[in-house]
Each structure stands twice: as C-alpha cells, then as structure tokens.
Number of protein chains: 2
Amino acid sequence: MRELPHPPRDEIELAAVMQALADPVRLELVRLMDSDAAAPCAALAESVGVHKSTASHHFRTLRESGVTTTIVDGRIRFVRLRREALQERFPGLLDAVLRAAHANSPVSSRP
Amino acid sequence: MRELPHPPRDEIELAAVMQALADPVRLELVRLMDSDAAAPCAALAESVGVHKSTASHHFRTLRESGVTTTIVDGRIRFVRLRREALQERFPGLLDAVLRAAHANSPVSSRP
DNA sequence: CAAAAGGTTTGATGGTCATCAAACTATTTT
DNA sequence: AAAATAGTTTGATGACCATCAAACCTTTTG
C-alpha cells in the first residue's frame, strides 16, 4: 500500500489546477470521484469511455497538478480528490468546480 | 457605444470557462480586471507585457468563453468581468479563482 | 486631409496536448 | 508455471494554442 508522488500542498499552482480541470474528460473524472470516493481507476476509465492509456495520462495530470492522490494496493490504483489540501490552498475552488460539474451533467437525467 | 457579442448566461460552458482561466496571462488579466474595473485593453495588455495582437487574442478568448464582456467606445475597448452572470451560472467559481489569483500574486494583497 | 491611436486579422512558427495502439511491468489467480 | 488483471510507458498522429510581426480597419486629433 504505497502512495504515488504528488506536489506538497503549498506548491500546488493555480494555473496547473485550472489546466487540469479544463479538460472535459478530467472534469468528468473528478465529478465521478466526488460521487464515488473509492472507485478504482479502471472503473472510472470505463465510465468516461476512453482508452486505458489515455485514462492513465489523465490520472497522472490530475495527480501532478495536485488535484488528486493515488494509492497503490496490489495491482489496483485508488484515486481520490485532495479535498483538504485544495481547500486550504485555494479556498472554495474545488467546491465551486464540483458543484458546477454536477449541475452541468446531472445523474438524475439519465434514462 | 456598442457591445461585442458574447454567449448568453445559460450557455456559458464550464470547460470553456476553465480553459479560459487556465492560462497564466489570462489569469493575470482577470486579476487586474478585478482590481481595476474600468481599464482599457491597451493598459491591461501593457501590464502583462505581451504583444497587442496576443492581448487581443486573449481578450477574445475570455469574451467568447463568457468570462468577460467588451464595450466599444470610439477606438477604445473596455473589458469587464461578467460577475453576476458567472455567479448565477457557476456560483462561487469566479470568486474562488479571483481570491486564489490575488493570493498567488505578490504584487498587492487585496483589490 | 493626413497622421496618430487603439485594436483586429492574418499568416507563420514552435510547443503542448489528447488520443490510440502496442509493448511492457507488476501483481494476483488458476 | 501460465494466464489474467490493472495499469504504465513509449511512440505516432492530429489538433489546438500562445506568440509575434505585418498589414489592416476605425476613430480621433493636428
């Protein structure tokens, strides 16, 4: 059970976070992470419908920007949002983005 | 005194706004707009130190994403943040970004 | 009218990025 | 030991983007 490297809280950069959250696929991934806090990468990747190498790239971008942290358990990776770190570094930002992301693609409107 | 076209409030897209705010130069521009609500484009462009055609491109990106509105007065353009529209569409998002941008910038501590 | 001022538009250029496929690594299961 | 699982890495490709320079447009000023 080890953790993949990510930037310390005080070195998280605004432009990098904004960049990470500016892609539709990554926006959808963080929306899913917000709803299901402990989904493995594979499940998330399948939900958004991209190739696994593409998903891997997106998870790396999110992690290196400081948005997520990744925990390796055997051959499975769990990704979760760095809520407290982001709240301390950029208060209200993640909450506002998540709220907007949920409003933009409501789960309840699925047939 | 006419206004350049921009997307109506309900058609502003999250990914487009995030994209617009993911560039360091545009982030600096909106930070300046937050501090000085009525600066003409030329002054802002000079503050961030880019070529005027580059500045023009950035102002267009901000306007077309829904972040700003532009008013033409003679040969001068005034750009301002669409605060109410953004607050209604994505509550708290612009505030959080502006707060983060000000905190990140060593120049002045508050608007 | 001519010149200046404030921007926009149009290339051209270099860089970054999202995507997929294929090969690879590491762990677990059979 | 072999196969399956979960992902990463490494190209390759095509798209988009930030930048500047030069020409252009519109409005104001001399």
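Letters go in sequence order (proteins before strands), and every chain restarts at 1.
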Can you give one letter per nucleotide of nucleotides 6-13 of chain D, 5' to 3': B if a protein heavy atom sits under 4.0 Å from the base, S if only from the sugar-phosphate, - if neither?
SBBB----

Taking atom types as modelled and ignoring hydrogens, do the side chains of A/Gln19 and A/Ser65 form a donor-acceptor contact shorter than 3.5 angstrom?
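Note: A/Gln19 and A/Ser65 side chains miss the donor-acceptor criterion.
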
We want to know whether B/Arg26 and B/His58 form a side-chain donor-acceptor pair, criterion being a heavy-atom distance below 3.5 angstrom.
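Short answer, yes.
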
Interatomic distance where [atom1] belongs to [X] and [atom2] belongs to [N] [whole Å]:
| X | N | atom1 | atom2 | value |
| --- | --- | --- | --- | --- |
| B/Glu46 | C/dG7 | CD | C1' | 15 Å |
| A/Gln19 | D/dC17 | CD | P | 11 Å |
| B/Met1 | D/dT27 | CE | P | 15 Å |
| A/Glu28 | C/dA18 | CD | C1' | 16 Å |
| A/Arg26 | C/dT16 | CZ | C1' | 12 Å |

For A/Asp36, is there an ion pair with A/Arg80 - N to carboxylate O distance below 4.0 angstrom?
no

Begin from the C-alpha positions of A/Leu29 and A/Val79 and carry the test side chain to side chain contact (heavy atoms under 4.5 Å, CB included) through to its verdict.
CA-CA 10 Å; A/Leu29 287 173; A/Val79 184; over 6 Å; no

Is there a donor-acceptor pair closer than 3.5 Å between any side-chain N or O of B/Gln87 and the backbone N or O of B/Gly92?
yes

For B/Val72, which contact category applies under a 4.0 Å heavy-atom criterion: base, sugar-phosphate, or nothing?
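Counting heavy atoms under 4.0 Å across all strands, no contact is made by B/Val72.
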
With respect to A/Leu62, which candidate in A/Leu81, A/Thr70, A/Val17, A/Val67 satisfies the side-chain contact (heavy atoms from CB on, under 4.5 Å) definition?
A/Val67

Taking only the side-chain nitrogens and oxygens of B/His58, find out if one of them lies under 4.0 Å from OP1 or OP2 of D/dC17.
no

